[in-house]
Protein chains: 2
Amino acid sequence: MTATTLHRPTHRDALYLLEEAFGDGRMVTLFGRCTVDYDGRATSSLGPGDRLVVCKPDGTILVHTDEKRKPVNWQPPGCTHRASVRDGHLRVRSERSTPTERLDVAFERIDQVTAYEVTDRSDLRLQGSEEDLRRRILDDPALVEEGFVPQATERETAAGPVDVFGEDAAGRPVVVELKRRRVGPSAAGQLQRYVEAVDEEFPDEGVRGVLVAPSVTDRARELLAERGLSFVAVEPVADEGDDESGDGDSVAKAEGDGGDDGADAGRDDGPDAGDDAADESDDAADDTAE
Amino acid sequence: MTATTLHRPTHRDALYLLEEAFGDGRMVTLFGRCTVDYDGRATSSLGPGDRLVVCKPDGTILVHTDEKRKPVNWQPPGCTHRASVRDGHLRVRSERSTPTERLDVAFERIDQVTAYEVTDRSDLRLQGSEEDLRRRILDDPALVEEGFVPQATERETAAGPVDVFGEDAAGRPVVVELKRRRVGPSAAGQLQRYVEAVDEEFPDEGVRGVLVAPSVTDRARELLAERGLSFVAVEPVADEGDDESGDGDSVAKAEGDGGDDGADAGRDDGPDAGDDAADESDDAADDTAE
DNA sequence: GCCTAGGTCCCGTTC
DNA sequence: GAACGGGGCCTAGGC
């Protein structure tokens, strides 16, 4: 029995199921009319309404309305769930310390309670992260600029860890900040912080800073320019067009618009819209619902 | 009927319920063994496992495992949900454009499907935000420093909008950056950005920068010091100890350790642990479950 | 435990 | 629509 459900249960019956489920590590959903109160890092209260509440065995609790991706209220993992009946309400309380915070969900009506046995061993595999961009740069440092030689990643400075630290063709220190997506002013400021910190380590060596990302906003570009920092446009994963066959030694083969290299190669991005058209066609479905 | 549930449905029966629910704006949960594939701003794939899937009428979809607050996969509001049966699987697809991205959940086994009618008009009321801190500062500018006169909020600069802009007792421009919680290096960098931008607007006027937050990390404090910026410790909501009875004209009554005012009042925070002890006692419960 | 930064961040607001 | 910054951000990785 992987899913145990009660329809329109009494508060007491719902309580018994919650007792069991919290005890043996099952995940629980409740749906009904409730109010929610939170006190901790901030304080909030939510009047009555129909919501879906999810309690996870790791101590997470989520309160979802019919809108938005974020729960209207929640508690992160590590909390302790407790349920009780009082004042004619089923109350689910989730608490933790460090920081001290508490979430109370009080149901005046419960439409459904379900306890699920969950078995999930699969790990998510994800591509397109900053980590992928880092690997791409280390595989082919010329993507940053001709002659760039990486020397360290996550190199510590007084202002924090630098993504990629190295030397340019002239032997000057180079600070590289990587972003998986289009960057704004904060990334420019971050790079500036690191460059200033490294500059104090290597006085009079002319430390340089390069922001590597798919694209950059106008204001961020201006901030970079004012501070003598560079931008280079690189996607976290290679575009499908160019074959990245080589084993890391391939140097800037088909850079397209071979413009001025070195400092400023930023062009607007744009999703390119070239969606792979070779997916399964929808008309082949047995049945379809929208 | 606010909740319609199918237990161990056939793919086709589940499909019909999804059809109806997507059509009339109901929220849906599915639980069963599925794989998940995502392609859009990044790309991911997740092997088979038991998960809870939530489809909201606003186009949100969430895939939750038994751990963590964040869904392992998701699609934000604005997407279009479609369901179909093919290859012996029930597939729920959620798509959108700008950016183009698609999420596919393929169930090999469905333990339960439920459609909910949701009515929720209540708005969350939350206290302790940066907005609250801003109001507090505007009510009592002396919390920043004696003689501070706020002149504008969200004042635009070349580097972005400044939280509070004003003058100090000597008539010098002051840039104030507010944070509702303990600040790190990025906040120091943000303040520096703004101060530099304002400095170009008012050359030779000695523009000052003040970071206002509950507390500050050591490294951020160093960064501020190196750049001649100040930190002032203020909580987003007044502590329960001091009575903030006055109507905005109260000036720094009981600041506790009346140390050196003006520049650096940073001490470590600590939640103070003084939880209100006047809540309902647990032993008065009708019934309790942990 | 705190610190630091990334994220398919989400989200509201403004332009 | 893009951009910019807040968030009870969450989460991972170091120390």
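Sequence lines set the chain letters: A, B, ... in the order given, protein chains first and strands last, and positions in each chain run from 1.
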Measure [atom1]/[X] against [atom2]/[N] and give the value in whole Å, please.
| X | N | atom1 | atom2 | value |
| --- | --- | --- | --- | --- |
| A:L124 | D:dT11 | CG | P | 14 Å |
| A:R221 | D:dA2 | CZ | P | 16 Å |
| A:K179 | C:dG7 | NZ | P | 8 Å |
| A:E131 | C:dG7 | CD | P | 9 Å |
| A:R219 | C:dT14 | CZ | P | 15 Å |
| B:R134 | C:dG12 | CZ | P | 18 Å |
| B:R182 | D:dC9 | CZ | P | 14 Å |
| A:H64 | C:dC10 | NE2 | P | 13 Å |

Using a 4.0 Å heavy-atom cut-off, does [X] contact any base of the nucleic acid, only the sugar-phosphate backbone, or nothing at all?
| X | result |
| --- | --- |
| A:P76 | base |
| A:S129 | sugar-phosphate |
| B:R193 | sugar-phosphate |
| B:A187 | nothing |

May I ask you to say whether [X] pairs ionically with [Y], meaning some side-chain N is under 4.0 Å from a carboxylate O?
| X | Y | answer |
| --- | --- | --- |
| A:R135 | A:E131 | yes |
| A:R51 | B:D120 | yes |
| A:R227 | B:E196 | yes |

Go through [options] for me and flag the one nearest to the [X] side chain.
| X | options | answer |
| --- | --- | --- |
| B:P185 | C:dT4, D:dG6, D:dT11 | C:dT4 |
| A:L126 | C:dT8, C:dG6, D:dG6 | C:dT8 |
| B:R180 | C:dC9, D:dG8, D:dC4 | D:dG8 |
| A:E130 | C:dG6, C:dC3, D:dA2 | C:dG6 |
| B:E177 | D:dG8, D:dG6, C:dT8 | D:dG6 |
| B:R69 | D:dG6, D:dG8, D:dC10 | D:dC10 |
| A:R41 | C:dC10, D:dC10, C:dG7 | D:dC10 |
| B:P77 | C:dT8, D:dG8, C:dC11 | C:dC11 |

Under 4.0 Å: is that the gap between some side-chain N or O of [X] and OP1 or OP2 of [N]?
| X | N | answer |
| --- | --- | --- |
| B:T43 | C:dT8 | no |
| A:T217 | D:dC4 | yes |
| B:R181 | D:dG8 | no |
| B:W74 | C:dC10 | yes |
| A:Q190 | C:dG6 | yes |
| A:Y194 | C:dA5 | yes |

* Would you kindly check whether a donor in the side chain of A:Q75 faces an acceptor in the base of D:dG8, or vice versa, at under 3.5 angstrom? => yes
* Roughly how far, to the nearest 0.5 Å, is CG of A:L178 from CZ of A:R136? ->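 These two atoms lie 11.5 Å from each other.
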* How many angstroms lie between CG in B:L52 and OH in A:Y116, if you round to the nearest 0.5 Å? -> 5.5 Å
* Go ahead and name the base partner of D:dG8; Watson-Crick or wobble counts if both distances stay under 3.5 Å, otherwise write none. => none
* Name of the residue among A:D39, A:D104, A:D37 meeting salt bridge (charged side-chain N to carboxylate O under 4.0 Å, His left out) with A:R93 -> A:D104
* Asked: 5'-most contact on DNA chain C: A:G160 or B:K70, nearest heavy atom basis?
  -> A:G160
* First of B:V183 and A:K68 reached from the 5' end of DNA chain C, by closest nucleotide -> B:V183
* Full working for salt bridge (Lys or Arg N to Asp or Glu O under 4.0 Å) between A:R41 and A:E101 -> CA-CA 7 Å; A:R41 287 168 288 175; A:E101 48 186 0; 3.1 Å; yes
* 5' precedence on DNA chain D between B:G128 and A:A220 (nearest-nucleotide basis) ->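 Whichever sits nearer the 5' end wins; that is A:A220.
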* D:dT11 to D:dG7 separation - C1' atoms, rounded to the nearest Å -> 14 Å
